[in-house]
Amino acid sequence: MTEPDSTFANAAELLGRITEQLGTQLGHLRPYGHRPRKQEQEVTPPMNITGRAAPAPTEPAPGGIAPPRPALAGTAPTAPTLVAVGHGSRDPRARATLNRLLDRVRELRPGLDVRLAHIELNTPLLDTTLAGLAAEGRDAVLVPLLFAPGHHVTHDLPAALAAEPALRARVAEPLGAHPLLVEALADRLAQAGWDTGDGTSAGTGVVLASAGSRDPRSGAEIRRIAALLGERLGGVPVVPAYTSAAAPTVPEAVRALAARGRHRVAVASCFTAPGLFATRAAAHAPWIAAAPLGAHPALARLVLHRYDGALRATTRERELATV
């Protein structure tokens with residue numbers, strides 16, 4: 001019996017070793033839903049831990065907007081609020097039109113906080129909007145729904161920001177001379193009846209109607225827009241004209257084109273929304289008058305382009321400040 005007993009003992013020892021190794025290997029496996037031990041949590045913290053101390057606030061960069069606050073693990077930093085600033089109008093269609101424009105902006109940038117404010121005549125007024133943002137602790141970029149650096153852009157908007165020193169914000173460039181603006185202007189003319197052949201006709205011309213400003217920089221910007229639109233339309237002459245504060249007026253521009261033998265004159269509407277000035281300009285069109293730009297998709301893209309440009313400028317200023 002000695003030999004069989006020895007065989008059984010060796011087999012039992014081998015089985016014990018196999019069981020021990022299998023247990024060790026199984027110990028490294030974690031079933032689905034397994035909660036890590038405390039030591040593991042310290043090495044790899046879970047996302048969105050509640051009760052963790054908030055990060056220290058960052059100092060504002062030159063230009064007004066602070067660097068983005070560090071986000072907790074698993075969260076995205078909050079982008080500054082885009083405040084689209086319109087002039088305001090007594091025409092009830094104006095506010096509704098701008099709201100539709102901003103709906104397009106939101107569709108293009110889901111999750112971005114986009115708000116409308118007005119300099120005068122309509123609610124919400126700019127000062128009320130800025131006070132609300134300051135109370136919420138938000139950063140902001142003001143995008144003027146205006147076309148050139150006139151008094152509203154260079155004075156009214158900075159003054160509104162100065163009245164809210166707790167708000168970290170900056171003013172973006174006005175919509176200005178940009179291919180996206182020219183795309184919207186040309187499309188509105190086409191919708192009014194402009195044909196591609198009209199751009200090469202010796203008898204056609206275009207008046208680019210806008211609000212006007214006494215600031216010479218404003219007139220220079222509108223002239224650049226007119227030149228770009230003329231190129232877009234095939235070389236047709238485009239004459240800037242204004243409904244207030246500057247010359248020539250729309251009727252004067254129409255007569256100037258007629259004196260050059262261009263009697264088939266269209267009026268392009270360099271206005272974001274319906275209102276008194278846009279209506280006056282259209283009334284003087286001897287041929288066709290384009291509608292205001294409104295919720296044109298290219299205009300929505302341009303609003304975001306100006307917003308993004310202001311953010312890039314803030315980043316550059318912050319980098320220079322650290323050199």
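Please read these numbers as outputs of a predicted model, since none were measured by experiment.
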Under a 4.5 Å cut-off applied to non-hydrogen side-chain atoms, are [X] and [Y] in contact?
{"X": "Leu302", "Y": "Glu183", "answer": "no"}
{"X": "Val303", "Y": "Leu82", "answer": "yes"}
{"X": "Asp198", "Y": "Val236", "answer": "no"}
{"X": "His152", "Y": "Pro144", "answer": "no"}
{"X": "Leu108", "Y": "Arg301", "answer": "yes"}
{"X": "Leu304", "Y": "Val105", "answer": "yes"}
{"X": "Phe271", "Y": "Thr243", "answer": "yes"}
{"X": "Leu161", "Y": "Leu157", "answer": "no"}

Original post:
If you measure from the Lys or Arg side-chain nitrogens to the Asp or Glu carboxylate oxygens, is any gap between Arg100 and Asp103 under 4.0 Å?
Top reply: no
**OP:** Using a cut-off of 6.0 Å, state whether more than 12 heavy atoms not belonging to His155 lie near its atom NE2.
**Re:** no
Original post:
Got a sec: does the CZ of Arg214 have more than 12 other heavy atoms crowding it under 6.0 Å?
Top reply: no
Between [X] (side chain) and [Y] (backbone), is there a donor-acceptor pair under 3.5 Å?
{"X": "Ser89", "Y": "Ala94", "value": "no"}
{"X": "His118", "Y": "His87", "value": "no"}
{"X": "Arg262", "Y": "Ala256", "value": "no"}
{"X": "Ser201", "Y": "Gly203", "value": "yes"}

Could you tabulate the donor-acceptor pairs under 3.5 Å formed by side-chain atoms of residues 279-297, not counting sequence neighbours?
{"unit_1": "Thr279", "atom_1": "OG1", "unit_2": "Gly275", "atom_2": "O", "d": "2.8"}
{"unit_1": "His296", "atom_1": "ND1", "unit_2": "Ala298", "atom_2": "N", "d": "3.0"}
{"unit_1": "His296", "atom_1": "NE2", "unit_2": "Asp187", "atom_2": "OD2", "d": "2.9"}

Between [X] and [Y], is there a shared hydrophobic cluster once you connect ILVMFWY residues whose side-chain heavy atoms come closer than 4.5 Å?
{"X": "Phe147", "Y": "Leu145", "value": "yes"}
{"X": "Val265", "Y": "Leu189", "value": "no"}
{"X": "Leu112", "Y": "Val143", "value": "yes"}
{"X": "Val238", "Y": "Val207", "value": "no"}
{"X": "Ile222", "Y": "Val267", "value": "no"}

**OP:** Under the side-chain contact (heavy atoms from CB on, under 4.5 Å) rule, what do Leu142 and Leu126 come out as? Steps first, then yes or no, please.
**Re:** CA-CA 10 Å; Leu142 277 58; Leu126 179 58; 4.1 Å; yes
Original post:
Knowing that exactly one of Leu121, Asn122, Leu276 qualifies, which makes a side-chain contact (heavy atoms from CB on, under 4.5 Å) with Arg90?
Top reply: Leu121
What closest approach, in Å, do [X] and [Y] show between heavy atoms, and which atom pair accounts for it?
{"X": "Pro124", "Y": "Leu116", "answer": "CG-O, 3.0 Å"}
{"X": "Ala310", "Y": "Arg170", "answer": "O-CD, 3.6 Å"}
{"X": "Ala148", "Y": "Glu221", "answer": "CB-CB, 3.9 Å"}
{"X": "Tyr307", "Y": "Ala79", "answer": "OH-CB, 3.6 Å"}
{"X": "Pro80", "Y": "Leu311", "answer": "CG-CD2, 3.7 Å"}
{"X": "Val250", "Y": "Ala209", "answer": "CG2-CB, 3.9 Å"}

As an exercise, state the distance from [atom1] of [X] to [atom2] of [Y], rounded to the nearest 0.5 Å.
{"X": "Arg306", "Y": "Leu181", "atom1": "CZ", "atom2": "CG", "result": "9.0 Å"}
{"X": "His263", "Y": "Leu257", "atom1": "NE2", "atom2": "CG", "result": "10.0 Å"}
{"X": "Thr154", "Y": "Arg217", "atom1": "OG1", "atom2": "CZ", "result": "5.0 Å"}
{"X": "Asp91", "Y": "Thr97", "atom1": "CG", "atom2": "OG1", "result": "8.0 Å"}
{"X": "Glu107", "Y": "Leu102", "atom1": "CD", "atom2": "CG", "result": "11.0 Å"}
{"X": "Asp139", "Y": "Asp113", "atom1": "CG", "atom2": "CG", "result": "11.5 Å"}

**OP:** Mind running side-chain contact (heavy atoms from CB on, under 4.5 Å) on Thr272 and Leu175 for me, showing each step along the way?
**Re:** CA-CA 10 Å; Thr272 53; Leu175 300 176; 4.2 Å; yes
**OP:** Check step by step if side-chain contact (heavy atoms from CB on, under 4.5 Å) holds for Arg104 and Leu299.
**Re:** CA-CA 9 Å; Arg104 285 194 180 273; Leu299 194 64; over 6 Å; no
Subject >> Residues Thr129, Arg115; criterion side-chain hydrogen bond (donor to acceptor under 3.5 Å, both in side chains); working and verdict >> reply: CA-CA 8 Å; Thr129 300; Arg115 307 189 192 188; over 6 Å; no
Subject >> Stepwise side-chain contact (heavy atoms from CB on, under 4.5 Å) test for Leu185 and Leu208 >> reply: CA-CA 9 Å; Leu185 288 167; Leu208 178 66; 4.1 Å; yes
Original post:
Mind checking what makes side-chain hydrogen bond (donor to acceptor under 3.5 Å, both in side chains) contact with Arg95, not counting sequence neighbours?
Top reply: Thr123
